[in-house]
Amino acid sequence: MSITLNTLIQETAHNCSLHLAAGDKGLVNIVSWVHIIEDESITAFLLGSELIFTTGIRQNDSGWILPFCKALKKAGSSGLVLNIGPYIPEVPDPVIEFCNKESFPLFTTPWESRLVQITQTFGYLIMENESMETSISNAFKDMIFKPSYYEYCVSSLRQHGYSSSDKYSIAVLLQAEGCSPWDSALKKKITFRTELILKQDCPHNSFAFFWLPNQLVLILTQKATPFLRDILIQLNRTLQAELGLRVYAGAGQIEEPLSHLRDSYSLALKVAELARKLNSPSLFYDELGVYKLLMLHSQEKVISDFYQNTLKDLAEYDRYNHTDYLDFLDQYINCGFSIHDLAERSFLHRNTVYYKLGKIESILGQNLNDWNVRLNLLLCQYIKNLL
């Protein structure tokens, strides 16, 4: 995780003489590191999110600055600092216009400034911030997966401004089924975009996130929870548009005590898995209706046994006879138990529909017109999405 450009500038205002010349809308950009670069060709080796310093010492005029800015913007740099002096006497107007238009932060610093000292200061703050955010993420992770560490985690979070009396919400992002596991390079790109969205929307010290195998876990405090829905929508759209990734998000119970974080994570994971099965970009536990009852930990074996006992005979018949009565029953339920709609959707004659439903009744030993039977079958359809 990284620090924003705006935070870096604010925290070093007393000893680093930097003046914002253009691109103020890009101050929310994340800074992963700082470099001093004097050659445009080096921009091809940048990884993205770097803040670049330059003196222009290798240039003969100011015509190189605009192409340099464009190359840095294309490389994903977070901003540029021009060392105003004998090699860069002033900033050309076209450069300022470009940076404002593209929200690319452009700073100037006087020739007397010691760039090495400034970059060292920035580098130290970046590493310090990364260490702090890693500590926060690890504390939340240990709280979920190492319950015996709870008190230690609470103490660690307090040191970083997180209150044990606050309420927390948690969400899990999963990749689409059948996709290759996200590698480290892709995770870095996802992390960068996640950070950018969270830091744009959420107050300071109001969120954290960490990686698990093929999962991204978000944790928001009470201050940030109102933005959760928008955050998940933005994440889904951004990852789809910029990285071509389809992700599914699930949120657990909203604003739970810190001591309930472990259970909230388990629910969020189940909701995310349900979202993936239903092909829904995001789902919230508090809005799931009957699924809320079925997702309770104590219900897992009960609902599994209920499903098996209700449909076991039909499933076994299909398996041994290579028939599709279970799928046909699903279609019947999806049609609201309407013979007419089922016949239209399946392109079958009504007599064929009657025959197949009669066969299902015979196998199950149940009357499909009985509303108690229909309720059981409807519940089984919900349960199937959770198994």
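Nothing fancy with the numbering, it's 1 onward along the sequence.
For the pair Leu288 and Leu274, the minimum side-chain heavy-atom distance is below 4.5 Å. In this structure, Leu46 and Ile52 have side chains that are in contact, with non-hydrogen atoms separated by less than 4.5 Å. At a threshold of 4.5 Å between non-hydrogen side-chain atoms, the residues Ser32 and Leu47 do not count as touching. Lys270 is not listed as a side-chain neighbour of Tyr291, based on a closest heavy-atom distance of 4.5 Å or more. In this structure the side chain of Leu258 never reaches within 4.5 angstrom of the side chain of Asp166, judged on heavy atoms. Counting heavy atoms from C-beta on, the side chains of Asp183 and Leu186 come closer than 4.5 Å. Looking only at side-chain heavy atoms (C-beta outward), Val34 and Glu50 stay at 4.5 Å or farther from each other. Under the 4.5 Å side-chain criterion, counting only non-hydrogen atoms from C-beta, Glu90 is not in contact with Ile84.
Between Cys380 and Leu311, the shortest heavy-atom contact is CB-CD1, 3.9 Å. Smallest separation of non-hydrogen atoms from Val172 and Leu269: CG2-N, 3.9 Å. Between Leu20 and Ala22 the shortest heavy-atom distance is CD1-O, 3.2 Å. Closest heavy-atom contact between Leu357 and Leu368: O-CD1, 3.9 Å.
At a cut-off of 3.5 Å, with distance as the only test, a side-chain donor of Gln381 or Asn334 sits close to an acceptor on the other residue. No side-chain N or O of Tyr87 forms a donor-acceptor pair with one of Glu38 less than 3.5 Å apart.
Distance check, rounded to the nearest 0.5 Å: CG of Leu235 to CD1 of Ile190 gives 9.5 Å. If you take NZ on Lys312 and CG on Asp305, they are separated by 10.0 Å, rounding to the nearest 0.5 Å. Note: Ser156 OG to Glu151 CD = 12.5 Å, rounded to the nearest 0.5 Å. To the nearest 0.5 Å, atoms CG (Leu278) and OH (Tyr248) are separated by 10.0 Å. The CD atom of Glu256 lies 9.5 Å from the CG atom of Leu261; values are rounded to the nearest 0.5 Å. Atom CG of Asp324 and atom CG of Asp330 lie 10.5 Å apart (nearest 0.5 Å).
By the 6.0 Å contact criterion, CG on Asn321 is enclosed, its count of non-hydrogen atoms from other residues, nucleotides or ligands being greater than 12. Crowding of Lys187 atom NZ: a count of heavy atoms from other residues, nucleotides or ligands under 6.0 Å exceeding 12. Counting non-hydrogen atoms of other residues, nucleotides and ligands closer than 6.0 Å to OH of Tyr124 gives a total of 12 or fewer. Counting non-hydrogen atoms of neighbouring residues, nucleotides and ligands closer than 6.0 angstrom, the NZ atom of Lys277 exceeds 12 such neighbours. Heavy atoms of other residues, nucleotides or ligands lying less than 6.0 angstrom from OH of Tyr382 number 12 at most. For Phe192, the CZ atom counts as densely surrounded, since its 6.0 Å shell holds more than 12 non-hydrogen atoms of other residues, nucleotides or ligands.
In this pair, Trp64 and Phe68 present their aromatic rings tilted. The plane angle is within the 30 to 60° band. Ring planes of Trp371 and Phe337: perpendicular class, angle over 60° (limits at 30 and 60°).
Of the possible polar contacts, one joining the Tyr162 side chain to the Phe207 backbone as a donor-acceptor pair under 3.5 Å is found. Checked by atom type and distance alone, the side chain of Thr225 pairs as donor or acceptor with a backbone atom of Thr221 at under 3.5 Å. Judged by distance alone, the side chain of Thr54 and the main-chain N or O of Ile37 form a donor-acceptor pair under 3.5 Å. Remark: the backbone N or O of Leu82 is not paired with any side-chain donor or acceptor of Thr108 at under 3.5 angstrom. Judged purely by atom type and a 3.5 angstrom limit, Thr109 uses its side chain to pair as donor or acceptor with the backbone of Ser17. Side-chain atoms of Ser137 do not come within 3.5 Å of backbone N or O of Thr134 as any donor-acceptor pair. The backbone N or O of Lys189 sits less than 3.5 Å from a side-chain atom of Arg193, completing a donor-acceptor pair.
Judged by the 6.0 Å and 45° rule, Lys356 forms a cation-pi pair with Phe328.
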(message) Show, in sequence, the C-alpha distance, side-chain angles and deciding distance for Phe284 and Ile254, and conclude whether the side-chain contact (heavy atoms from CB on, under 4.5 Å) test is met.
(response) CA-CA 9 Å; Phe284 288 73; Ile254 300 300; 4.3 Å; yes
